[in-house]
Amino acid sequence: MDDSSMVGLLGRVTGTVGPGLVGEVIVRIRGGAEHFLAYPSSPSDRLETGTVVTVIEYLPPRTVYVARAYDG
């Protein structure tokens, strides 16, 4: 998978992402859905389970940095 093809995809937090935590997100990709280890793109952000996120950076093979997709 091309690194840039992951950037901008939407996902949903399945394990809390935040400072001092290795979270988890599920992202729809390659005709299915895959889980990735996740870190917040802003070190102080905390993203609870169920939050819709955007992939900001992808580190192969299974790590992403994410940010909240919608304000609110």
Side-chain angles (χ1 to χ4, degrees):
M1 156 151 292
D2 179 336
D3 293 0
S4 64
S5 64
M6 282 285 295
V7 173
L9 292 179
L10 294 179
R12 185 170 303 273
V13 175
T14 55
T16 302
V17 176
L21 301 172
V22 178
E24 184 181 65
V25 297
I26 189 167
V27 178
R28 288 194 174 278
I29 190 163
R30 294 188 275 263
E34 297 183 22
H35 288 268
F36 293 85
L37 298 177
Y39 295 94
S41 62
S42 175
S44 61
D45 282 353
R46 183 175 177 91
L47 306 167
E48 300 294 335
T49 301
T51 303
V52 177
V53 294
T54 301
V55 175
I56 302 300
E57 185 176 354
Y58 170 59
L59 302 174
R62 309 290 313 159
T63 302
V64 292
Y65 283 80
V66 296
R68 187 178 314 276
Y70 308 108
D71 291 333

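The shown structure was predicted, so the numbers you read here are calculated from the model rather than taken from an experiment. Residue numbers start at 1 and run along the sequence shown.
At distances below 3.5 Å, at least one donor-acceptor pair connects side-chain atoms of Tyr58 with backbone N or O atoms of Pro61. Side chain of Arg28 to backbone of Leu10: no donor-acceptor contact under 3.5 angstrom is found.
Considering every non-hydrogen atom in both Val55 and Met6, the closest pair reads CB-O, 3.4 Å. Across all non-hydrogen atoms, the minimal contact from Glu57 to Leu59 is OE2-CD2, 3.6 Å. Of all heavy-atom pairs spanning Val53 and Val13, the tightest one is CG1-CG2, 3.7 Å. Pairing each heavy atom of Pro19 with each of Pro43, the nearest pair is CG-O, 3.3 Å. Nearest heavy atom pair, residue Val17 against residue Glu24, reads CG2-N, 4.1 Å.
Taking CG from Leu47 and CZ from Arg12, the interatomic distance works out to 12.5 Å, rounded to the nearest 0.5 Å. Between atom OH of residue Tyr70 and atom OG1 of residue Thr54 there is a gap of 7.0 Å, rounded to the nearest 0.5 Å. Rounding to the nearest 0.5 Å places CZ of Arg62 at 8.5 Å from CG of Leu37. The distance from atom OG of Ser42 to atom CZ of Arg68, rounded to the nearest 0.5 Å, is 11.0 Å.
Both Val25 and Ile29 belong to a single network of hydrophobic side chains, linked directly or stepwise wherever heavy atoms of I, L, V, M, F, W or Y lie under 4.5 Å apart. A continuous path of ILVMFWY side-chain contacts below 4.5 Å connects Val66 to Val27, so both sit in one hydrophobic cluster.
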Could you walk me through whether Phe36 and Thr63 pass side chain to side chain contact (heavy atoms under 4.5 Å, CB included), step by step? CA-CA 5 Å; Phe36 293 85; Thr63 302; over 6 Å; no
